[in-house]
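I have placed the structure first, in the form of structure tokens, so that the comments after it can refer back to it.
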Amino acid sequence: MNRDKIYLDLYTQVGALVDPNADDVANMANVVQLLATTLGHHWTGFYRVVKKELHLGPFAGPLACTRIAYGKGVCGKAWDTQHTQVVANVHKFEGHIACSSSTQSEIVVPCIRNGKVFAVLDIDSDALDTFDDIDARYLEDIVSLL
Ligand code: SME
């Protein structure tokens, strides 16, 4: 299956899965499982904005750091800039927070509601240069369903 078809199917599935009467954690838990099993990357998870930090939310993959300060790491940059961060080689990203030594590349997508970032979606790959602008666009569409 090509990438467009995979993401378009994911968009449809997430649209059906997200329950407007459930809280964010419940919906994120299902979205993470769907993305992780479909895309098969090393780590897939959400960090939620809690006061002035990002706190670990639902995820699939190895244990991860619990809290990230504002602006720190790839996740903090996505929060600060409100823009998706595509990192081809995490070893070349100044300030990258290494939760797992096998991560080589990653994408972090801000989840925005009423103009404010309320969470970020972080997907880590154990290969270099895994993600590009096409992944960014589709994942931004998918998280907009939350
Ligand atoms: N690498 C991220 C931290 C989260 S873990 O990868 C799960 C960062 O630099 O923000």
Side-chain angles (χ1 to χ4, degrees), residues 1 3-4 6-11 13-15 17-19 22-146:
M1 222 194 293
R3 181 166 56 162
D4 293 292
I6 290 169
Y7 277 122
L8 290 169
D9 285 354
L10 276 172
Y11 183 83
Q13 289 174 284
V14 170
L17 198 59
V18 169
D19 178 351
D23 72 7
D24 284 335
V25 171
N27 284 320
M28 286 171 176
N30 272 337
V31 171
V32 156
Q33 278 306 315
L34 184 61
L35 293 177
T37 51
T38 305
L39 300 174
H41 296 300
H42 174 63
W43 196 90
T44 302
F46 285 96
Y47 279 88
R48 294 188 313 127
V49 173
V50 178
K51 295 180 187 158
K52 302 264 188 241
E53 294 180 322
L54 291 171
H55 286 199
L56 183 62
F59 71 95
L63 300 180
C65 51
T66 317
R67 294 181 295 128
I68 296 172
Y70 182 76
K72 297 295 179 190
V74 187
C75 291
K77 188 167 181 196
W79 177 17
D80 183 19
T81 61
Q82 302 206 1
H83 281 108
T84 298
Q85 304 296 309
V86 175
V87 179
N89 181 347
V90 297
H91 307 291
K92 293 187 176 163
F93 185 98
E94 201 181 323
H96 171 255
I97 300 163
C99 291
S100 162
S101 57
S102 33
T103 297
Q104 302 298 322
S105 60
E106 75 179 90
I107 184 167
V108 181
V109 182
C111 307
I112 299 170
R113 189 181 285 149
N114 302 323
K116 287 183 73 176
V117 176
F118 67 97
V120 299
L121 169 68
D122 180 5
I123 304 181
D124 296 354
S125 166
D126 55 14
L128 289 167
D129 205 10
T130 300
F131 307 102
D132 61 20
D133 288 350
I134 294 172
D135 299 284
R137 200 185 68 218
Y138 280 122
L139 290 168
E140 284 164 4
D141 287 347
I142 287 170
V143 302
S144 76
L145 296 167
L146 282 168

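When a ligand or atom number is given, it counts from 1 through the structure's own listing order. Counting from 1, the numbers follow the sequence of the chain as shown.
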If you look at every heavy atom in [X] and [Y], which pair is closest and at what distance?
X    : Y    : result
S105 : T130 : OG-OG1, 3.1 Å
T38  : L34  : OG1-O, 2.7 Å
Q82  : G115 : NE2-O, 3.4 Å

Report yes or no: does [X] contribute a side-chain atom to a donor-acceptor pair with the main-chain N or O of [Y] at less than 3.5 Å?
X   : Y    : result
N27 : D24  : no
T44 : I123 : no
W43 : P62  : yes

Any protein N/O atoms within less than 3.5 Å of an N/O atom in ligand 1? List the atom names and distances, or say none.
from, atom 1, to, atom 2, distance (Å)
ligand 1, 1 (N), H96, NE2, 3.2
ligand 1, 1 (N), I97, O, 2.7
ligand 1, 1 (N), E106, OE1, 2.9
ligand 1, 1 (N), E106, OE2, 3.4
ligand 1, 6 (O), D122, OD2, 3.4
ligand 1, 6 (O), D124, OD2, 2.7
ligand 1, 9 (O), V74, N, 3.0
ligand 1, 9 (O), I97, N, 2.9
ligand 1, 10 (O), V74, N, 3.0
ligand 1, 10 (O), C75, N, 2.8

